[in-house]
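What follows is a set of notes on a single structure, which appears directly below.
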Amino acid sequence: MRIGWVTILCITMCGCNNSNGSSSPSGSEGTLPGSEVTALNITMSQSQSQVMALSDGVITEVEYRSGFARYRKCLERYGYTLLENGIDHDLLQYSIPDEAEKSGKSRECKVREFAEIDYQWQRDHIEGSVQAEQYRRCLSDNGLDTSGTYIELEQRIVDRLGIEECFPR
């Protein structure tokens, strides 16, 4: 995603506050992954920090952790606390309070500060994911080749075993 000078100027001049001075979004939708951010379609759903982190198409670990920290702080401003459960295969593990989900504040904060960053980070780190390990284990247990990318492993399971063989209900 590229951000032009007009966009940066608009973000800088418009800020992230709505007319009543709060930083909550004014009901607009966020941009989708891969969409062009321009001065005409900027929304206040995503924070300036998240937009900037996404601007070069690469999410660093610092950007990932910073986005999560902003998400956590946003929820804390509404009185909710995330339960952090450490890191597993490069992914932050956490639990969201039911009340934060029911109130819609979890979604609001995540869209604003972390959702797109989290999506891109997970996509870029899928090869070492728990799911990829489960695919390799299932293939190995069935005497099949365990080499290849996540997508190749998944396709091999679908073609030769059926997904139910590895993940029964």
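Note that this is a predicted model, so its numbers are computed, not measured.
Gln93 contributes atom CD, which lies 12.5 Å from atom CG of Leu82 (distance to the nearest 0.5 angstrom). Within the model, atoms OH of Tyr80 and OG of Ser103 stand 3.5 Å from one another, a figure rounded to the nearest 0.5 Å. Atom CD1 of residue Ile157 and atom CZ of residue Phe167 lie 5.5 Å apart, to the nearest 0.5 angstrom. Note that the CD atom of Glu165 and the CG atom of Asp141 stand 9.5 Å from one another [nearest 0.5 Å]. To the nearest 0.5 Å, the span separating CG on Asn142 from SG on Cys166 amounts to 6.0 Å. A distance of 8.0 Å separates CD1 in Ile117 from OG in Ser49, rounded to the nearest 0.5 Å.
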Could you go through residues 69-76 and list every donor-acceptor pair under 3.5 Å that involves a side-chain atom there, pairing it with any protein atom two or more places apart or in another chain?
{"unit_1": "Arg70", "atom_1": "NE", "unit_2": "Glu113", "atom_2": "OE1", "d": "2.8"}
{"unit_1": "Arg70", "atom_1": "NH1", "unit_2": "Ser66", "atom_2": "O", "d": "3.4"}
{"unit_1": "Arg70", "atom_1": "NH2", "unit_2": "Glu113", "atom_2": "O", "d": "3.4"}
{"unit_1": "Tyr71", "atom_1": "OH", "unit_2": "Ser106", "atom_2": "OG", "d": "2.9"}
{"unit_1": "Arg72", "atom_1": "NH1", "unit_2": "Glu84", "atom_2": "OE2", "d": "3.2"}

side-chain contact (heavy atoms from CB on, under 4.5 Å) assessment of Ile96 paired with Lys110: CA-CA 11 Å; Ile96 304 162; Lys110 190 164 186 180; 5.7 Å; no
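Ion pairing between Glu108 and Arg112 holds under the 4.0 Å rule for side-chain N and carboxylate O.
Under a hydrophobic clustering in which Ile, Leu, Val, Met, Phe, Trp and Tyr are joined whenever their side-chain heavy atoms come within less than 4.5 Å, directly or via other members, Tyr135 and Val158 fall into different clusters. The hydrophobic cluster containing Ile126 does not contain Tyr119, counting ILVMFWY residues as joined when their side-chain heavy atoms lie under 4.5 angstrom apart, directly or transitively. If you chain together hydrophobic residues whose side chains sit under 4.5 Å apart, Phe68 and Tyr78 fall into the same group.
Residues Val130 and Glu133 form no side-chain contact, since every pair of their non-hydrogen atoms from C-beta on lies 4.5 Å or further apart. Between Arg123 and Ile59, every side-chain heavy-atom pair lies at or beyond the 4.5 Å cut-off. The shortest distance between side-chain heavy atoms of Tyr150 and Ser129 falls below 4.5 Å.
Of all the heavy atoms in Ala132 and Leu153, the pair that sits closest is O-CD1, 4.1 Å. The two residues Arg65 and Ile87 come nearest to each other via the heavy atoms NH2-CD1, 2.5 Å. In this structure, Gln50 and Val111 approach most closely via the heavy-atom pair NE2-O, 2.9 Å. For the pair Asp118 and Tyr64, the tightest heavy-atom approach, listed with the atom from each and the gap, is OD1-CE1, 3.5 Å. Leu54 and Glu116 get closest at one heavy-atom pair: CD1-CB, 3.4 Å.
Side-chain N or O atoms of Ser140 include none that pairs as donor or acceptor with a backbone N or O of Arg137 at under 3.5 Å. For the pair Arg156 (side chain) and Leu139 (backbone), a donor-acceptor distance under 3.5 Å is absent. Remark: side-chain polar atoms of Trp121 are not paired, donor with acceptor, to backbone N or O of Glu63 under 3.5 angstrom.
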